Amino acid sequence: MREDEFKTYDFLINDEDEAMLLLYARDGAPENPSIEINPEDGTAVLTRNPEDSVSLEDIPDEVLDSLQEADKLLVCELSLDDDEKDTQIVYAYEAEIND
């Protein structure tokens, strides 16, 4: 996988104002995942396991607002396939939100 594909991610917000992070699956399984959010500059760092973390930038204000009262963030890591209809969820987990 190319490095720029690791930087591709998106957030979704459901009708209950709960945010979910979608990104491409990375090497190694998640282990005690957590996320540290910096609302002042719209960034966050997702720590998937002790060896891997993901920097997130330009997080939309509505996502930051949704996460303000949340304890956990649902994360779905997707397979990277040439044909979008073959994309599958590789990992789905909750990341603890650290203040």
Side-chain angles (χ1 to χ4, degrees):
M1 181 179 293
R2 296 186 332 249
E3 183 61 30
D4 61 332
E5 291 168 338
F6 276 138
K7 295 180 182 180
T8 301
Y9 58 88
D10 199 6
F11 285 92
L12 299 176
I13 299 176
N14 66 15
D15 292 338
E16 286 80 41
D17 197 35
E18 299 166 326
M20 176 174 59
L21 172 61
L22 301 171
L23 68 159
Y24 288 119
R26 299 169 65 95
D27 292 334
E31 180 183 324
N32 298 320
S34 64
I35 187 165
E36 189 164 329
I37 301 167
N38 186 341
E40 287 79 35
D41 66 2
T43 63
V45 175
L46 171 67
T47 303
R48 296 181 64 255
N49 57 46
E51 293 82 35
D52 187 24
S53 61
V54 181
S55 294
L56 308 171
E57 299 175 356
D58 300 321
I59 299 172
D61 289 338
E62 59 268 16
V63 173
L64 294 171
D65 290 344
S66 174
L67 294 173
Q68 202 163 30
E69 298 298 320
D71 296 328
K72 297 182 182 210
L73 171 66
L74 179 61
V75 180
C76 288
E77 296 188 25
L78 307 171
S79 62
L80 180 63
D81 295 306
D82 291 333
D83 190 345
E84 281 188 23
K85 65 182 177 189
D86 293 333
T87 300
Q88 298 178 17
I89 295 174
V90 178
Y91 299 111
Y93 55 92
E94 291 183 329
E96 188 79 27
I97 297 175
N98 297 328
D99 296 328

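Worth saying up front: this structure is predicted, and the values here are computed from it rather than measured.
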Here the side-chain hydrogen bond (donor to acceptor under 3.5 Å, both in side chains) pairs for residues 61-72, sequence neighbours left out, are none
Say you draw a straight line from CG of L80 to CG of L23; how long is it, rounded to the nearest 0.5 Å? 11.5 Å
Just distance, no hydrogens or angles: give the donor-acceptor pairs under 3.5 Å from side chains in residues 86-95, sequence neighbours left out.
unit_1: T87; atom_1: OG1; unit_2: E84; atom_2: O; d: 3.1
unit_1: Y93; atom_1: OH; unit_2: E77; atom_2: OE2; d: 2.6

On a heavy-atom basis, which atom in A29 and which in N49 lie closest, and how many Å separate them? O-ND2, 3.1 Å
Between OG1 of T8 and CG of L78, what distance do you get to the nearest 0.5 Å? 11.5 Å
Nearest-0.5 Å distance, CD1 of residue I97 to CD1 of residue I37: 4.5 Å
Which heavy-atom pair separates V45 from S53 by the least distance, and what is that distance? CG1-CB, 4.0 Å
Who passes salt bridge (Lys or Arg N to Asp or Glu O under 4.0 Å) against E36, sequence neighbours left out? none
Counterpart residues, side chain to side chain contact (heavy atoms under 4.5 Å, CB included), relative to E40 (two or more places apart): N38
Partners meeting side chain to side chain contact (heavy atoms under 4.5 Å, CB included) with I59 (sequence neighbours left out): F11, A44, L56, V63, L64
Residues that D52 engages under salt bridge (Lys or Arg N to Asp or Glu O under 4.0 Å), provided they are two or more places apart: R26, R48
